[in-house]
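Everything below concerns the one structure shown next.
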Amino acid sequence: MPRYRYEALEQELKQQIRSGYLKSGDRLPSIRKLCSHYELSKATVLHALHRLEADRWVQAQPKSGYFVRYPEQERPKPIRVDTPKVPAPVSVPAIFQDIMTRSAAFDILPAADQEDASSQLIVLNRLISRQMRHKPEQKSGYYDEPAGKASLRAALSDQFRYRQLMVSADEICITTGCQHSLFIALMSTCQPGDTVAVESPAFYGVLQIMEHLGLNIIEISSDSAHGLDVDELAEKLTHWPIKACVVTPNFGTPAGACLSDDCRKRLLSLATEHDFWLIEDDIYGDLAFSSPSTRPLKSLDNSDEQRVILCGSFSKSLSRDLRLGWILAGPLHNKAVQMKLITQLASPQAVQEGLAQFISEGHYRRHLNQFRLKLREQRDELINLLANNWGDRVLFSQPEGGLCIWVQLPESCDSQKAYRSLREQGILLTPGTLFSAHGLYNNYLRLSFAQPLTADRKKALSVLFDTLFATEA
Ligand SMILES: Cc1ncc(COP(=O)(O)O)c(C=O)c1O
């Protein structure tokens, strides 16, 4: 028998959670309702709730109340695959074009209803529209300066300070997105036939650029818990000279890991020792679930040589439709600006001005605070669903940021085959083979938690796993 009234309430709520009456993610009745229903004082109810929170049964959400927590998963085994030992030319699988023309690789149900735009996005639209109406004759008659609007570069420079990267606006060049920045980085550092080390699994956009530029790839294993294997890179460097290494230290897609500080430091010293460039893809850097957010690798690059070329964009943290990104190329800055000029001439002025104002007035930070909370909840919900339904057959990552989960299926599952049959049903799977230049990962897939897990998406996930398991040889 509980001795105190708060204990009685605590036990009652635990029982409701254990029995499934209150499910993961459910909101608990309000404090007022709990007081009147159980005839308790506010202090007693709050005491019980604080104890439940400390024991991780519930979670408080500012201004929303208390929610039942998702069960803690065991720390997953890192997902990792051995990579080929020798560099080779890149050949992107044909399925790539097919997926990109459907342009919805982050939603398994592209035809599903989308959520309404957030209030911050509406503000952004208003600011951009206002900039479009301001001096339209000037904008239609003149290109923007090659490096991009000074106001946006200054806003970005301030924004980077939150992540301990101190750079001036003059060191930044605006691009049409991270893909463009990566293209400029590889164009500025490599010649056809050069070898580039790339984390494996890799972002398929990098593989596509490398194929086009005639570069050779040496894949370096990157596991879902620790990221790029710096020991493997060091070992491969003793056999093969490389010109650059493309790495996503913060929540790379699809493996989702965050590289430790020690590995970052080792990576920097390897770059100096073996004379190669580090091309940092930081597109998910603003999407860390814990605060303060993680630093870019570039913020540790304090040597005179400046080996890190930082690439990023607003595509994942704000909107893909802005088509605005950046490159910080250090000593190669002028070359990068020249490449930008050749490939894009200039960036749209009103969009840059509107975005600069959005950042400098604090809307971007407010947007990130809400967005990261939402993503964390959506990640928990997806992980919960995977664990409860398919946990005995699949391994999956548990990223602390970013947008996706990397799923390992039984060895004989064929994700490309499932992709084709699911496509006919309007379900879009992102097969693992997209993430390697050597056809690795066919029994893997990337799942995104960028969209809320609606009933339709849950149903689609069931069909998706049934189809995948049916491909088992
Ligand atoms: C890791 C990574 N880098 C770069 C990009 C390309 O981004 P952007 O839309 O800014 O060109 C993506 C898009 O999916 C990505 O996942």
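First listed ligand is number 1; within each ligand, the first listed atom is number 1. Only heavy atoms go into these numbers, but all of them, side chains included; no hydrogens, no water, no symmetry mates.
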Considering non-hydrogen atoms of the protein only, which is the closest contact for atom 4 (C) of ligand 1, and what is the distance? Phe203 CE2, 3.2 Å
Test of understanding: given a 4.0 Å heavy-atom threshold, classify the contact between Phe314 and ligand 1 as side chain, backbone, both, or neither. neither
Report yes if some N/O of Cys178 lies less than 3.5 Å from some N/O of ligand 1; otherwise report no. yes
Numbering as shown, the atoms of ligand 1 that approach Ser315 to under 4.0 Å (heavy-atom distance): 8 (P), 9 (O), 10 (O)
Pair His180, Thr343: side-chain N/O donor-acceptor within cut-off below 3.5 Å: yes
Within 45° cone of Phe106 ring axis and under 6.0 Å: Arg446 NZ or CZ: yes
With respect to Tyr284, determine whether any N or O atom, backbone or side chain, lies less than 3.5 Å from an N or O atom of ligand 1. yes
Can you pull out the closest protein heavy atom to atom 7 (O) of ligand 1? Residue, atom name and distance to 0.1 Å, please. Ile283 CD1, 3.2 Å
When rounded to the nearest 0.5 angstrom, what is the spacing between CG in Leu121 and CG in Asp116? 11.0 Å
Between the side chains of Asp144 and Lys139, is the shortest nitrogen-to-carboxylate-oxygen separation below 4.0 Å, so that they form an ion pair? no
Run the numbers for me: atoms of ligand 1, each under 4.0 Å from some heavy atom of Gly177, listed by number. 10 (O), 11 (O)
Record the part of Arg320 in heavy-atom contact with ligand 1 below 4.0 Å; permitted values are side chain, backbone, both and neither. neither
For a quick check under 3.5 Å, do Gln344 and Thr175 share a side-chain donor-acceptor pair by atom type? no
Check if Asp281 has a non-hydrogen atom at a distance under 4.0 Å from any atom of ligand 1. yes
Ligand 1 N/O within reach of Arg323 N/O, cut-off under 3.5 Å: yes
For residues Ser200 and Tyr441, is any side-chain donor paired with an opposing acceptor at under 3.5 Å? yes
Taking 4.0 angstrom as the limit, do Lys135 and Glu353 come out as a salt bridge? no
Find out whether the Lys NZ or Arg CZ of Arg379 is both under 6.0 angstrom from the six-membered ring centre of Phe289 and within 45° of the ring's axis. no
Ring center gap for Phe435 and Tyr444 short of 6.0 angstrom: no
Check against side-chain contact (heavy atoms from CB on, under 4.5 Å), Phe203 and Val198: CA-CA 9 Å; Phe203 166 53; Val198 179; over 6 Å; no
Show which atoms of ligand 1 fall inside a sub-4.0 Å distance from at least one heavy-atom site of Thr253. 1 (C), 16 (O)
Is there a heavy atom of His180 sitting under 4.0 angstrom from any atom of ligand 1? no
Check whether any N or O atom of Ser313, backbone or side chain, sits under 3.5 Å from an N or O atom of ligand 1, and answer yes or no. yes
Can you confirm, on distance only, whether ligand 1 has an N/O atom lying under 3.5 Å from any N/O atom belonging to Tyr204? no
For atom 13 (C) of ligand 1, what's the nearest protein heavy-atom neighbour? Residue, atom name and distance, please. Lys316 NZ, 2.9 Å
So is Gln179 polar-close to ligand 1, meaning N/O to N/O under 3.5 Å? yes
